[in-house]
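Heads up, the thing below is written out as structure tokens.
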Amino acid sequence: MAADYGGNWEPEADYTGHQWFTNLPPKAKTPPPAPSPKPTYVPEPVIVERNAVFMYALKSAPDVLMEQYKAFGQLGVLGWCSEFSELIDELKEFGSQGHMFTDTREQALETCTDLLHSLVADMDVKMQIIVMFLSFQVQRLRKFLDASTEFDDYPQPNFPIHFMQR
């Protein structure tokens with residue numbers, strides 16, 4: 001073979017017998033990374049105390065709702081729903097910061113079930129907007145705590161439908 005370098009035809013260099021890639025640089029040996037021990041999580045006393053306060057509030061919620069219903073009727077339930085909404089907001093903020101204990105989460109889910117059971121079994125709430133509002137608050141908390149689970153224990157709306165005869 002011939003190669004053209006600027007118009008001068010010169011024969012190609014003969015590389016037969018040449019051993020390519022025989023003098024490779026040595027591979028750098030990297031030691032495997034040592035498994036780092038995970039530090040044990042020790043929450044601050046403020047976080048422990050706040051979880052305890054949330055646990056108390058969540059355990060008391062169904063009883064407080066019943067007291068409000070007995071004292072003020074359906075409007076007591078409506079007023080309590082606003083307070084429960086504030087508790088949910090605080091729980092969501094606290095949990096988003098990574099401070100919520102699993103016990104607090106489990107208690108919150110149990111409280112949601114208890115609230116809906118009390119609403120259906122123990123209270124005679126006729127105003128469907130209140131039933132829907134309480135169900136929405138429970139759904140909002142459940143969605144934050146366990147978004148992958150579909151819950152089917154919500155009360156069915158019971159709107160009075162009157163058909164007019166013509």
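Side chains are part of it too, since the values below use all heavy atoms of this structure and drop only hydrogens, waters and symmetry mates. FYI, the numbering just counts along the sequence from 1.
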* Asked: Do L75 and M66 belong together in a cluster built from hydrophobic side chains that touch within less than 4.5 Å?
  -> yes
* Point-to-point distance, once rounded to the nearest 0.5 Å, from CG of L78 to CD of E83 -> 11.0 Å
* Distance-only donor-acceptor check, side chains S82 and E86, under 3.5 Å -> no
* Asked: Any side-chain heavy-atom pair from F101 and P43 closer than 4.5 angstrom?
  -> yes
* Tell me whether F144 is reachable from F151 by hopping between hydrophobic residues (I, L, V, M, F, W, Y) whose side-chain heavy atoms are closer than 4.5 Å. => yes
* ring pair (Phe, Tyr, Trp, His ring centres under 6.0 Å) contacts in which one or both residues fall within residues 37-60, not counting sequence neighbours -> F54-F94
* **Residue pairs passing the salt bridge (charged side-chain N to carboxylate O under 4.0 Å, His left out) test where at least one lies in residues 34-49, sequence neighbours excluded** => none
* To do: To the nearest 0.5 Å, tell me how far K92 NZ sits from L145 CG.
  => 9.5 Å
* To do: Working to the nearest 0.5 Å, report the span between CZ of R105 and CE of M100.
  => 9.0 Å
* Structure fact -> Sorted by chain and residue number, the side-chain hydrogen bond (donor to acceptor under 3.5 Å, both in side chains) partners of R50 (sequence neighbours excluded) come out as E90
* Asked: Under 3.5 Å, is there a donor-acceptor pair between the side chain of S85 and the main chain of C81?
  -> no
* To do: Scan residues 53-71 for pairs that pass salt bridge (charged side-chain N to carboxylate O under 4.0 Å, His left out), counting only residues two or more places apart or in two chains.
  => none
* Note, T113 side chain near L109 side chain (heavy atom, < 4.5 Å) -> no
* To do: Determine, using the 4.5 Å side-chain heavy-atom cutoff (strictly less than), whether Y154 and L65 are members of one ILVMFWY cluster.
  => yes
* Indicate yes or no for a side-chain donor-acceptor contact from N51 to the backbone of I47 under 3.5 Å, with no hydrogens or angles considered. => yes
* To do: Check whether any side-chain heavy atom of Q97 lies under 4.5 Å from a side-chain heavy atom of E93, and answer yes or no.
  => yes
* **Qualifying ring pair (Phe, Tyr, Trp, His ring centres under 6.0 Å) pairs with a residue from residues 58-92, counting only residues at least two apart or across chains** => W80-F84
* **Side chain to side chain, V77 and Q74, heavy atoms closer than 4.5 Å** => no
Please list, one pair per line, the donor and acceptor atoms closer than 3.5 Å that link side chains of residues 114-138 to other protein atoms, with sequence neighbours excluded.
from : atom 1 : to   : atom 2 : distance (Å)
S118 : OG     : D114 : O      : 3.1
D124 : OD1    : K126 : NZ     : 3.2
Q128 : OE1    : N158 : N      : 2.7
Q128 : NE2    : K126 : O      : 3.3
S135 : OG     : V131 : O      : 2.8
Q137 : OE1    : R140 : NE     : 3.2
Q137 : OE1    : R140 : NH2    : 3.1

* Rounded distance (nearest 0.5 Å) linking atom OG1 of T111 with atom CG of L141 -> 8.5 Å
